[in-house]
Structure formats: C-alpha cells, structure tokens
Amino acid sequence: MAKGITDRQIDHLLRRAGFGARPDEIDFYSQMSITDAVDALVNYDAIADDADMHIGQNGYVGTTTRGVFSPNSNITDSRQRWLFRMVHSDRPLQEKMTLFWHNHFATGYNKIAGAYGAAEGARYMAAKASEDPAKVRGQIEMLRDNALGNFRDILLNIAKDTAMLVWLDGRTNTKAKPQENFGREIMELFTMGVGNYTEPDVYAAARVFSGWNLQRPGNVADGSARYEFFYSAANHETTAKTFSFPIYADGNKTIPARSADAGMQDGIDLINALTANSNTGRYLAGKLWRFFICEFRDPDPAFVDRIAGVYLQRRYDMRQVVREVLLSPQFWDGGSYYARYSWPVEFIVRSLKDIGWRGFSVNDAIAPMANMGQTLYEPPDVSGWDAGQTWFSTGAMLARMNFAASLANNQKFNLLTSAKQYGATPEALLSFYLDELRTAPLDSSVRGELMTYLRATGAWTGNDAQVQTKSAGLVHLIAGLPEYQLI
Amino acid sequence: MKVTRRQFVKGGVAAFTVTFAAPEFLSDLARAQGAHVRNLVVLNLSGGNDALSMLIPYNDPFYYSRRPTLAVPAGQVLQIGSDRSSVALGLHPRLTGLKQIFDQGRLALIQRTGYENQSRSHFLGTDIWSTADPNNSSGLGWVGRYLDSLPSPVDPLVGWNTTGSLPHVLQSARTAVPAIPSAAGYAFSSPNSGTELTAERSAALRISSHVPVDRPELAFVYGSAQAAMATLDRVATVGAYTSTLTYPNTGFGQALRAVAGAMSKGIGTKIFYVTTGGFDTHSAQNVNQNNGAYYSLMATLNDGLLAFYTDLNNQGLLTDTLVVSFSEFGRRISENGSSGTDHGAASVMMVMGGRVNGGLYGTAPNLNTDPQNPTLENSAGDVHYETDFRSVYAQVADRWLGTDSVKLLGGDFRKGSLSFI
C-alpha cells in the first residue's frame with residue numbers, strides 16, 4: 001500500500017468509516033499513511049469524546065430546543081444529539097459502528113414508549129449513564145460504549161438491555177409459557193442467520209431465556225426508579241434444552257437441567273455458543289461487507305473467510321475485525337469506491353459536512369429523513385432498515401432532492417462567502433462545487449446540464465447576487481444528483 | 001435472515017430505467033392505459049395477522065381452552081354463518097364495517113391460506129408471499145413481474161406505493177413504482193424562485209432523463225429521480241382530491257384516501273400498495289379490550305376499509321376495484337404466557353371489491369390438540385394450510401389482471417373450488 005494517503009482515499013475512508021469529511025478532518029488524516037489513518041479511526045479511545053459539550057455553541061450545527069434540551073428523556077432531542085455527534089465527533093468510526101449496531105439489534109423507541117411512556121422510552125434508548133439519576137444507560141449508549149468492543153459482551157448486554165427486553169418481549173418470558181420472540185431473533189438476526197437453526201431451536205431458546213425479566217428498583221421521588229434486568233429464578237424453566245448445533249466446545253448440544261437458582265447460566269451458555277458459532281462470524285462478515293465495502297457485488301468469499309477467521313482468532317474482538325475490514329484489499333479496490341447507496345442519515349450528515357452547517361438546526365433534518373425512509377431510534381422492524389436500492393423509491397429520492405434544496409437555501413449566505421472568489425466564470429464556480437461535494441464520477445452530459453443551468457437566465461456577471469443565487473441552485477442540483485447518493 | 005432481503009434482486013438492476021417521455025405525452029399515455037382501468041390494491045397486514053382473532057370459530061371448545069385470556073366470547077362475535085364444513089364463524093366484534101361489506105356480498109374470506117413448510121420468519125415469510133416463490137424468495141415481486149409484462153412504454157404512474165420504501169411485492173425489473181406516502185408532500189422545491197426556479201427544475205428534469213451506461217446501480221437511482229420528475233404534476237392533482245366522506249386519521253386511512261383520490265382523478269394508476277402494521281402481537285394482544293392492541297388493529301383495518309369502500313361506492317368506482325390482503329403468517333393457536341401469540345403458519349386472506357363473489361371459502365381449522373389433527377401442524381400447534389396462497393394470486397391474475405397466471409407464477413395454481421371473482 002502506498003505510504004501517503006491521497007485525498008481520494010481519505011474521502012473514501014471517511015465516507016465509509018465516518019459520515020463524510022469536514023475540512024478539518026481532511027487536514028487531519030491527510031498527514032498519515034493509510035494504515036495510520038485506519039489505526040487512528042479504530043483506536044478512537046485516544047481521541048477526546050467531547051462532542052456533546054459543544055452542543056449549542058457557535059460554530060457548530062444547531063439544535064432546536066423546546067424548553068431545556070433533554071436528550072435523555074425526549075426522543076426528538078436524542079435524535080438531535082446523535083446527529084450532532086455524527087457531524088462533529090472526532091471519533092467518526094465510533095458513531096458509524098453505533099449506527100451499524102443500531103441496525104443490527106434494531107430496536108424501536110415507540111414500543112418502549114408505549115409500555116412505559118415517552119420519557120422512559122427515550123431513557124432506555126438514549127440516556128447517557130453519567131447524566132441519569134440512576135445511572136441508566138440507554139441501549140444506543142451501551143452500543144456506543146461497545147462500538148468496537150467484544151461481540152460476546154455486546155450480545156450479553158443486549159440480552160439484558162431494558163429496551164430489548166421490552167422490544168422482543170423478554171420481560172414476559174416465563175416458564176409457564178415461554179416467549180419465543182427474542183429466542184428466535186437472537187439466532188436469526190443477531191448471530192447465525194436464517195437457515196442455521198430449526199424451529200425446535202426457537203422453542204428451546206425461549207425456554208433458555210425464561211426468567212430473563214425486568215424489575216423496578218429505586219424510588220420515584222428522586223428519579224432513581226427504573227426498569228432493569230432481573231433474573232427471576234421462579235420464572236425459569238429448569239429442564240434440559242437440546243439444540244441442533246453445538247452449545248459446548250466438546251460438541252455437546254444440550255444445556256443440562258439446572259436448579260432454578262443456577263438457571264441464568266443457560267442463557268450465558270447459549271450466548272457463548274452463538275458467539276463462538278462459525279456461522280456468526282460469517283454472518284457478521286457479510287453484513288460488514290455490505291456496510292463498509294460494497295453493495296454492488298455479493299461478498300467476496302475470500303473476504304468472508306478472512307474476516308470470519310479474524311473474528312474467531314481474535315476472540316470476537318470487533319476492533320480487530322473492523323480494522324481488518326478497513327485494511328482489506330477489497331475495501332481499497334477501485335470497484336468499491338462509491339459502490340454503496342447512502343442511508344438517509346449518511347446523506348444528510350455528509351451534505352452538512354460538504355455544504356455547511358452554521359445556522360442550520362439538525363432538528364430540521366428529522367422530518368426530511370423520515371421522508372427518505374429513516375428515523376433514528378425507530379427502525380421499521382427488528383431486522384433493521386432494508387437499505388440498498390430500497391432507499392430509492394421515487395418519494396424518497398424526491399425527499400433527498402428537496403432536503404438538498406432546503407439546505408442550499410439555508411446556507412445561501414455562507415455559500416456566497418466561500419464561493420465568491422470562484423465566481424468569475426461559471427466554469428470556475430462549477431469546478432469549485434464539484435470539488436467540494438465530490439460525487440461519484442459524472443458523465444460529461446450531466447456536467448453539461450449543470451453548466452447549461454449556470455448559463456441560463458441571463459449573461460454571467462459574477463456579481464454577488466448572481467453567485468449567491470447560482471451557488472444555491474447548483475448545490476441543490478449537485479446534492480440531488482444520483483451520483484451524490486452513492487458513497 | 002441471511003442475505004436474501006438485503007441482496008439486490010437478481011437481474012433486477014440492469015434494465016432498470018424508465019423510458020423517458022415528456023409530460024404532455026404521459027397524460028395521453030395514461031389516458032390510453034387508463035381507460036376502464038381495473039385497479040388492484042395490495043394490502044399487507046404486516047407482522048403476522050392472528051387470523052383466529054379476526055375470523056373466529058366460536059363454537060370450537062378448543063378455541064376457548066387454548067386461549068384462556070385471548071378468546072372472544074361467543075356472544076360477542078359478529079356471526080357470518082358457517083363454512084362448507086359447517087363450522088360456524090364470526091368476525092372480530094370491532095369489524096362491523098367488514099360485516100356490512102360481507103353481508104353485501106363484496107368480501108371474500110379465504111381460510112387456511114399458506115404453503116407447505118411455511119416459514120415462521122417475518123422476513124423470509126414476507127419475501128415468500130411477495131415473490132410467490134417459496135423456493136427462491138429473493139427474486140422479483142409477483143406484482144412487479146406483472147408490471148414488467150405490460151407493453152412498453154409503461155406509464156411511470158402505473159403503480160403507486162403509499163409507503164416510503166419499495167415493498168418486495170412491487171420489485172420489478174423495469175418499472176419504477178413511485179413511493180408517494182403523501183400526495184401533498186410530493187412536490188419539487190428549490191432555494192430560488194421565479195425564472196431561477198424554472199431553470200433549476202428544467203435542469204433537474206433533463207438530468208433525470210440521463211441513462212448512465214454500464215452503471216446499472218446508478219441507473220437505478222436515475223430511474224427513481226426520473227419517475228419522480230415525471231409524475232409530479234399528475235400527483236399534484238390527487239393532492240387536491242375531495243373525498244365523499246371523512247377518512248379516519250390513521251396512516252392506513254389516509255393512504256386509502258390517496259388511493260381513492262388517484263382512482264377518482266383517473267390518473268391511470270392500476271396497482272396500489274397499502275400496508276398497516278403492528279400485527280406481531282407476541283404480548284398483551286388484548287383482543288377484547290377497547291384500545292387493546294389487537295382490538296385497535298381491527299379498528300384501524302375496519303374503519304379504513306369501510307371508508308374506502310363507501311367512498312368508492314359513492315363514486316361508482318367500486319366495480320373497478322379489487323383489494324387483496326396478505327400477511328406473512330398466522331399465529332400460534334395456543335396463547336403464550338404474555339397473553340400474546342407467537343409465530344404460526346396458515347392464515348386468512350381477504351378479497352374485497354365490487355365484482356367479488358363474497359362469502360367464506362375453504363374450511364376452518366379444527367383446533368383439537370390431537371397431534372394427528374389434519375387441519376393443524378407442528379404437533380397441533382399451528383394451522384395447516386388448505387389453499388395454497390398462489391391459488392388466490394392465480395385467480396387475481398387470470399380473472400382480474402387479465403394475464404396468464406401460469407406464466408406469471410411459474411406454475412398452474414388454479415383451484416376450481418375458488419371462485420371469488
């Protein structure tokens with residue numbers, strides 16, 4: 001691999017391992033080799049996690065508050081905080097992997113809010129432990145803390161996560177009538193994938209997790225009352241559970257009968273078995289391929305083998321796994337550039353980084369994002385967003401074009417400031433913006449249409465009014481191009 | 001699930017572009033294709049509808065013993081007679097509108113629809129119902145394949161998807177079905193105004209007609225942009241639709257209102273897709289309580305469909321309309337410990353419309369827990385299918401869409417005893 005990283009490579013890396021590149025990010029990574037840049041992204045613990053303290057400050061993207069900004073108890077504010085972090089965090093890969101896990105363990109706020117009310121729903125999804133009276137850590141905060149953690153820890157945390165226990169009904173799973181919802185999805189969606197387990201495995205998994213319920217300690221007066229995981233021995237089904245795949249290293253497929261008091265070990269044994277199952281590494285490798293590398297080709301078998309191998313050798317350490325993904329030849333293959341459809345949240349954050357954010361409130365991105373098919377903290381179902389081509393229905397494409405229009409309108413003043421010196425000719429203005437927005441390669445006829453637009457409606461004078469108007473129109477057209485939707 | 005759902009439809013990308021046509025031409029085309037158009041509304045009850053709570057065998061003692069908290073008391077069901085196996089059936093008490101439509105002979109209920117070895121996975125199950133192919137559920141949608149069979153050029157508004165993203169059932173090789181959740185929000189915006197706006201809009205229109213050569217994945221996005229630009233004006237007319245009655249203010253009700261608007265304005269659309277979700281009732285299913293989970297699902301379904309039926313009837317459009325419902329699976333017969341039901345197998349399909357021969361089709365399951373019970377499967381845990389769901393699709397294809405079901409479905413699934421159209 002080349003020693004120095006090129007601008008094109010930085011852009012590719014940050015579109016995938018982050019949400020595009022702010023000018024200061026390009027400066028930062030351009031000093032490095034590819035390996036150093038990947039290591040800097042992966043070892044983000046060395047970089048301060050201080051994005052939140054800038055919320056509300058000048059120079060940063062705005063937020064809109066209704067009274068006090070309450071991201072730990074108001075889901076709209078939770079969404080704003082996350083969008084803010086995506087724009088401004090200096091740990092872009094941490095936010096990106098948090099999004100990956102959000103899609104992987106896809107849990108929806110509405111069901112939690114339906115069970116416990118809106119404020120509690122936001123709390124179990126998004127509360128920051130350091131800001132919660134009872135140190136409640138919402139699901140997404142847990143995933144952020146473990147964004148490149150050990151997969152086994154993530155799985156165990158998810159199995160005990162309050163929001164998940166509501167979302168997949170684990171809170172009601174008892175020995176009298178075991179509940180299959182979590183037992184099925186932990187195999188189908190979270191670990192091995194469909195085709196690698198049987199229906200009787202689902203029934204057995206339900207019994208394994210019987211008694212993994214919720215309790216409500218603390219007191220209401222000081223805000224410390226909360227729902228939290230509780231192993232209810234009385235509700236655990238104690239007989240042996242046999243699976244179609246190995247549970248133990250010796251190949252044994254049966255979790256033995258245990259006393260009710262010792263029965264929580266059943267679930268831990270199953271989580272360990274699912275973590276160590278070779279299908280899990282392959283399933284994750286396929287998802288990482290589609291998330292980080294390419295949606296236009298099926299996963300390269302050599303890639304899947306290698307990543308699944310690293311997953312097992314490194315004992316499920318996702319930091320090593322993702323590092324391997326980002327350094328893989330497939331990641332840097334020319335055919336992987338712009339070979340992925342951006343998710344609405346990726347499109348929005350990238351366009352803020354490319355076009356400008358000062359004076360824009362992330363609150364005004366939430367409704368457009370929903371029109372594009374995505375709402376953070378509200379995936380459509382437990383399998384997450386469909387992604388790929390399904391993002392590009394006509395209505396969703398129109399929503400992207402319209403977001404580009406409203407952001408261009410919002411940034412009109414800033415656009416004039418930065419484009420002024422390039423306003424002498426329409427050619428110069430077009431080059432400037434194509435350089436700023438860095439789309440997938442444009443065919444000459446498309447470039448020609450953009451030029452035709454700049455030349456329409458009168459002679460070129462290059463005065464401020466014209467540069468401002470044409471800048472806004474051009475930015476709208478470029479960010480609305482199909483080529484800009486690829487990352 | 002493995003890869004199927006996130007993978008691209010095999011072979012579905014390459015040819016994905018819409019033939020470009022100027023708006024003036026489109027309206028002619030729409031009129032040509034829209035004359036006496038027969039509308040098909042595909043209705044997805046997503047999450048796995050608990051058919052036993054919708055169409056209730058209220059004299060079956062096992063219905064009560066297996067559902068101690070979920071059973072609807074016999075005295076409360078809306079009785080609609082008996083099927084040909086003499087099982088007395090009743091609708092969920094909240095389905096008063098559907099009862100009315102049933103009594104008018106315009107609602108067919110096809111019992112125990114499903115397929116062999118039915119998937120209990122939401123995702124695989126939905127893929128199978130969408131493709132009508134249990135063996136290869138990663139292909140194109142069965143309605144999408146129908147759209148592909150239409151003669152070119154296909155009007156970009158031939159289909160209208162009322163949800164935000166493309167459902168698998170509408171995935172096609174060369175017809176971009178627009179997603180229009182709200183006719184009012186389906187408009188072009190610009191940072192500028194006046195002549196600058198006009199210049200931008202015409203630039204966007206010209207750009208969207210571009211076909212990138214050898215870049216099929218990019219061409220797919222161009223297809224969407226082009227379909228959006230080409231349909232803006234006609235959709236705007238639907239935004240101005242005044243219905244003959246007020247629809248319920250639910251997503252489902254408003255989606256059906258838009259469908260009725262599209263039909264009423266005669267914009268040429270033939271295929272509509274509507275969904276209402278929340279049927280994955282693992283816990284607190286609350287079949288009987290006002291505002292309980294399942295009770296509310298029935299309320300949404302009933303009130304939306306009744307408004308739609310009445311609105312179309314008022315305008316003489318009912319005879320041109322057929323609504324067909326599906327859901328990825330039925331639910332377990334015995335309730336679970338959370339007063340809910342887990343994933344099951346066969347379910348009930350609904351077909352509604354002005355030319356429907358209403359009534360009860362097929363036979364109800366016997367809920368006896370005997371493992372040998374032939375109407376059940378999975379040790380008498382789930383309902384076993386009696387009518388292959390593709391037989392229902394086949395009749396829709398042959399007798400409503402006027403296409404050859406054998407070709408469309410890749411096999412002969414016609415079933416003589418079905419005659420709902």
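Convention: sequence-line order gives letters A, B, ...; per-chain numbering from 1. Side chains included, hydrogens not; waters and symmetry mates left out as well; all remaining heavy atoms used.
- With a 4.5 Å cut-off on non-hydrogen atoms, A:K412 touches chain B through its side chain but not through its backbone.
- No donor-acceptor pair closer than 3.5 Å links the side chain of A:S471 to the backbone N or O of A:L416.
- Residue with the most contacts toward chain B among A:V446, A:L474, A:L486, A:T174: A:V446 (heavy-atom pairs, distance under 4.5 Å).
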For a ring-ring contact (aromatic ring centres under 6.0 Å, His included) check, start with the C-alpha distance between B:F220 and A:W391, then their side-chain angles and the critical distance, and finish with the verdict. CA-CA 11 Å; B:F220 180 91; A:W391 292 125; over 10 Å; no

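- Judged by distance alone, the side chain of A:H104 and the main-chain N or O of A:F190 form a donor-acceptor pair under 3.5 Å.
- With a 4.5 angstrom heavy-atom cutoff, A:P441 touches chain B via backbone and side-chain atoms both.
- At distances below 3.5 Å, not a single donor-acceptor pair connects side-chain atoms of A:T375 with backbone N or O atoms of A:E378.
- Between chain B and the options A:M401, A:E483, A:R282, the largest number of non-hydrogen pairs under 4.5 Å is found for A:E483.
- Counting heavy-atom pairs under 4.5 Å between each of A:Q485, A:M372, A:K470 and chain B puts A:K470 at the top.
- Using bins of under 30°, 30° to 60° and over 60° for the plane-to-plane angle, the ring pair A:F392/A:Y341 lands in the tilted bin.
- Note: B:E196 leads B:E335, B:E196, B:H343 in heavy-atom pairs under 4.5 Å with chain A.
- Looking at A:P380, neither its backbone nor its side chain comes within 4.5 Å of chain B, counting heavy atoms on both sides.
- Heavy atoms of A:Y203 lying under 4.5 Å from chain B belong exclusively to its side chain.
- For A:W289 (side chain) and A:C294 (main-chain N/O), a donor-acceptor pair under 3.5 Å exists by modelled atom type.
- At a 4.5 Å heavy-atom cutoff, A:S406 makes no contact with chain B through either its backbone or its side chain.
- In this structure, chain B has no heavy atom under 4.5 Å from any part of A:L168.
- Using a 4.5 Å cut-off between heavy atoms, B:A187 contacts chain A through its backbone alone, with no side-chain atom that close.
- Most heavy-atom pairs under 4.5 Å with chain A, from the set B:A203, B:A284, B:P178: that is B:P178.
- Judged by distance alone, the side chain of B:S379 and the main-chain N or O of B:G381 form no donor-acceptor pair under 3.5 Å.
- Of the listed residues A:E199, A:R184, A:M397, A:E185, the one with more heavy-atom pairs under 4.5 angstrom with chain B than any other is A:R184.
- Using the six-membered ring where Trp is involved, A:H476 and B:F188 have ring planes that are tilted, between 30° and 60° apart.
- If you run side chain to side chain contact (heavy atoms under 4.5 Å, CB included) between B:W160 and each of B:V177, B:I271, B:V235, only B:V235 comes through.
- Proximity to chain A (any heavy atom under 4.5 Å) is shown, for B:H282, by both the backbone and the side chain.
- Judged by distance alone, with hydrogens and angles left aside, the side-chain atoms of B:R331 form a donor-acceptor pair with the main-chain N or O of B:F279 at under 3.5 Å.
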Going through the checks in order, is the side chain to side chain contact (heavy atoms under 4.5 Å, CB included) test met by A:L415 and A:I355? CA-CA 8 Å; A:L415 290 173; A:I355 296 166; 4.2 Å; yes

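- Proximity to chain A (any heavy atom under 4.5 Å) is restricted, for B:L232, to the side chain, taken from C-beta onward.
- In this structure, no portion of A:A176 lies under 4.5 Å from any heavy atom of chain B.
- With chain B as the partner, the residue from A:G473, A:G114, A:A339, A:A408 showing the most heavy-atom pairs under 4.5 Å is A:G473.
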